[in-house]
There are 2 protein chains.
Amino acid sequence: MNRPTEKAVNAPRACFIAAGLDVLGERWALLALREMSLGVHRFDQIARNTGASRDILTDRLRTLENRGVIERLQYSERPARYEYHLTTSGAEVAPILISLAAWSSTWMRDETPRASYRHSCGADLKPVVLCAECGEEFTPGSLLLGPLVSSPGTDPASGQ
Amino acid sequence: MNRPTEKAVNAPRACFIAAGLDVLGERWALLALREMSLGVHRFDQIARNTGASRDILTDRLRTLENRGVIERLQYSERPARYEYHLTTSGAEVAPILISLAAWSSTWMRDETPRASYRHSCGADLKPVVLCAECGEEFTPGSLLLGPLVSSPGTDPASGQ
DNA sequence: CCGAGTCAGTTGGATTTTCCAACTAACCTG
DNA sequence: CAGGTTAGTTGGAAAATCCAACTGACTCGG
């Protein structure tokens, strides 16, 4: 039996970065979402464009669907075929893809030619991340740990 | 032999998102970088706080070091011990962690209490991503594919 | 100087994931 | 009806990960 009042000192940090990676950090998940962001919605094309094997892709799409990140929309009755579309949650993954693409195009350049990205205004991808509250730019190191939170709002009962 | 002038129609999309995931997308890599962002620099603590097994963590840290994302700094001569620190490249991963944390704290809330994040101004994490060029906010769908690029700058010779 | 503890890994073997090519099922097209 | 498209599923091999234990080089307390 375990004692619920004691803190497990060796437990990994339960934070929202780790929670997000549970869903988005599995192999191929972000690439599948990239495809949907770019307007590709069908299984075969997503498989081709990502390079994921079909069985794993099936698994990832189910996970993303179960977590509410994407939804399956039927586009054919008789052979019952579906398209995969981003939900609101899935569309909001965009900043992650944007940050990743920007980091990578700065730091991962090599001889191999790769597709770059740009903003819809036509400019090369160069995102700036601001704090919505104070308007200041997020600098490395300006990300700090906050309090523990769960669904009904911050739970002050649990010992910090 | 393959013909270099022909496009492989079935090849996965070579883009900077995929390239970034090569380095940052491996299991535990982003969590290790999270720890360094939060000021944790030693092997045992990183292992504990992430939950990664020690052998895999060793491998990830080596990969990140080889890719220039982190560096090993010696802090003890005689038992030859090292700390892991972010390079400039590693520090610039922050926007990815910030976007991920923000997405997750919006969409991944459940009963389990998790550490949240905040900006150094004290406010809850609420990042806004703007295009540095036009100043407009990045909306889902405003991320578009750009031209192919490699190291010496955009190579106009390759057939699009 | 002995035993315990810390730190940063390494090792071996079990377990889990992923890969891959082939297969199915249900249609459509010529 | 032969062939193609679409969205998977299957089975077995290969690769990645997990885990607990071990090593080596120290430090510290007594």
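All chains are named by letter (A, B, ...) in the order of the sequence lines, taking the proteins before the strands, and each is independently numbered beginning at 1. Scope of the values below: all heavy atoms of this structure, side chains included, with no hydrogens, waters or symmetry mates.
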ask   = Under 4.0 Å between a side-chain N/O of A/Tyr75 and OP1 or OP2 of D/dA7, yes or no?
value = yes
key: Among D/dA7, C/dA8, C/dT18, the nucleotide that comes nearest once only the side chain of A/Asp44 is considered   = D/dA7
ask   = Where the side chain of A/Thr58 is defined as all heavy atoms beyond and including C-beta, which of D/dA7, C/dT18, D/dT9 is the nearest nucleotide?
value = D/dT9
task = Considering non-hydrogen atoms only, spot the tightest contact between A/Leu86 and A/Ala91 and give its length.
result = CB-N, 3.9 Å
query = Is the distance from OP1 or OP2 of D/dC18 to the nearest side-chain N or O of B/Trp28 less than 4.0 Å?
reply = yes
inquiry  = Do B/Arg72 and B/Tyr82 form a cation-pi contact, if we require the NZ or CZ to be under 6.0 Å from the six-membered ring centre and within 45 degrees of the ring's axis?
reply    = yes
ask   = Whole Å only: how far is the CZ atom of A/Arg48 from the C1' atom of D/dA7?
value = 11 Å
inquiry  = Can you say whether a donor on the side chain of A/Arg54 sits under 3.5 Å from an acceptor on the base of D/dA7, or the other way round?
reply    = yes
ask   = Starting at CG of B/Asp55 and ending at P of C/dG13, how long is that distance when rounded to a whole Å?
value = 14 Å
query = Starting at the 5' end of DNA chain D, which residue's closest nucleotide do you reach first, B/Arg81 or A/His41?
reply = A/His41
query = Please give, in whole Å, the distance from C/dA26 P to A/Gln74 CD?
reply = 15 Å
Exam field: side chain A/Ser104 to backbone A/Ala101, donor-acceptor pair closer than 3.5 Å = no
request  = List, by chain and number, the other hydrophobic cluster members for B/Val128, where Ile, Leu, Val, Met, Phe, Trp and Tyr join if side-chain heavy atoms come within less than 4.5 Å, directly or indirectly.
outcome  = A/Val128, A/Leu130, B/Leu130
inquiry  = Side chains of B/Met36 and B/Val93, heavy atoms from C-beta outward: is any pair under 4.5 Å?
reply    = no
ask   = CD1 of B/Ile56 versus P of D/dT17: gap in Å, rounded?
value = 5 Å
task = Rounded to the nearest angstrom, tell me the gap between atom OH in A/Tyr82 and atom C1' in D/dA7.
result = 11 Å
key: Between D/dA15 (P) and B/Arg27 (CZ): distance, integer Å   = 18 Å
query = For A/Glu83 and D/dA7, what is the distance between atoms CD and P respectively, to the nearest whole Å?
reply = 8 Å
key: Phosphate OP1/OP2 of D/dG8 contacted by A/Arg72 side-chain N/O (<4.0 Å)   = yes
request  = Take atom CD1 of B/Ile46 and atom P of C/dC7, then tell me their distance rounded to the nearest Å.
outcome  = 13 Å
